[in-house]
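Written out below as structure tokens is the structure these notes cover.
Values reported hereafter were calculated over all heavy atoms of this structure, with side chains retained and with hydrogens, waters and symmetry mates removed. Here is the naming used below: chain letters follow the sequence lines, and residue numbers restart at 1 for every chain. From a predicted model like this one, the values you see are computed outputs, not experimental measurements.
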There are 2 protein chains.
Amino acid sequence: MQLNKQFRQFGHKMTAGRETTIDVLSETDEHLSAEDIYIKVHSVNPKIGLTTVYRTLELLINMGLVSKFDFGDGRARYELAEGIKGATHHHHLVCTGCGRIIDYSEFVDEEKTFFKRIERELSRKYDFRITNHLVQFYGLCKKCEEA
Amino acid sequence: MQLNKQFRQFGHKMTAGRETTIDVLSETDEHLSAEDIYIKVHSVNPKIGLTTVYRTLELLINMGLVSKFDFGDGRARYELAEGIKGATHHHHLVCTGCGRIIDYSEFVDEEKTFFKRIERELSRKYDFRITNHLVQFYGLCKKCEEA
DNA sequence: GTTACTGCAAAGCTTTTGCACTGTC
DNA sequence: GACAGTGCAAAAGCTTTGCAGTAAC
């Protein structure tokens, strides 16, 4: 895999734990917590521990390969970053009833244009170099609304 | 104060801890953590403990008087909700270098219009009742950019 | 007088760290 | 062979909970 090369460029080694973690993230469309990832990684390769998963995730985030999200339930969630292994840009609807996360990508282009303009002005006004933005909608999914 | 009445409508009692917590939140423009709030509350009234602050914040959030934010540093921050005691709608720039939070309210009207449209369409498409949205920009403040 | 509220201490969770061992390059 | 990476166990940090005492209405 070509990520191998990317690891070495950053001065890191490619190991079983790292490769398996990336594989797990590539093969899911869920929003996995560190422990979720650990369980999957561990079932593929029982030698790999939770600590390694945490350390790998931190590394992948620093390399820009993974994004970390907080949906308000006290544990972080991880996703392959946009563009990595075909992952597409999207935002999230978070159900405050059951915690379900719905991805949507309908308006991301529109949002991109909108935010680009705002970011430009905020950057200038506050002397702030914006590198990233987070958009999340909260509410109730159909099931929870009916209940 | 008229919040007193609001508490009773919800079936809650107004107590020293709750009143002091609201006062602290009203009088700051910082983004206080539970412990920050506790320190201030405790300095006004040393009888009030951290547990009460946590329980009060939870209550205030459920009553819609307080909003809870996560800026990625592992502890939650609390602010008076929009409209309570004159608190105005705003969003946040988060410096990933030093953790500084900058409030801005320049584009919130524009954002409101923009999001209203998107929320309407997402609600319909995903059968999801959107009650709230979160917008945050991440980047580097001037000091951290120079360092 | 009832019932909700509170403080304290202890527990619960996720995440991080120390250290000796292991594996990659 | 050097040095980064790893597992395990322990620690850290924020937040929640149990319980007996206290205060609001």
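Ring-centre distance between B:H90 and B:Y104: not below the 6.0 Å cut-off. Checked against the 6.0 Å centroid threshold, A:H133 and B:Y138 do not count as a close aromatic pair. Taking the six-membered ring where the residue is Trp, the centroids of B:F137 and A:F128 are separated by 6.0 Å or more.
Going from atom NZ of B:K47 over to atom P of C:dT6 covers 13 Å, rounded to whole Å. When rounded to the nearest whole Å, the span between CG of B:D70 and P of D:dC14 equals 13 Å. Distance CD (A:E19) to C1' (D:dT6): 16 Å, rounded to an integer number of Å. For B:F7 and D:dA24, the CZ to P distance is 14 Å, given to the nearest whole Å. Rounded to a whole Å, the CG atom of A:D36 is 10 Å from the P atom of C:dT14. Per the geometry, CZ belonging to B:F10 stands 13 Å off P belonging to C:dC5, to the nearest Å. A straight line from NE2 of A:H12 to C1' of D:dT6 spans 15 Å, rounded to a whole angstrom. Rounded to whole Å, the distance from NZ on A:K5 to P on C:dC25 is 15 Å.
When the nearest nucleotides of DNA chain D are assigned to A:Y38 and A:L59 by heavy-atom distance, the more 5′-ward of the two goes with A:L59.
OP1 or OP2 of C:dT24 has not a single side-chain nitrogen or oxygen of A:R18 nearer than 4.0 Å.
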How does protein reach along nucleotides 15-20 of chain D, written 5' to 3' as B (base within reach of a heavy atom under 4.0 Å), S (only sugar-phosphate), or - (no contact)? BBBB--
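Shown here are the salt bridge (Lys or Arg N to Asp or Glu O under 4.0 Å) partners of B:K47, two or more places apart in sequence or in another chain: there are none. Considering only residues two or more places apart in sequence or on other chains, A:D127 meets the salt bridge (Lys or Arg N to Asp or Glu O under 4.0 Å) condition with B:K142.
Judged by distance alone, the side chain of A:R18 and the main-chain N or O of A:K13 form a donor-acceptor pair under 3.5 Å.
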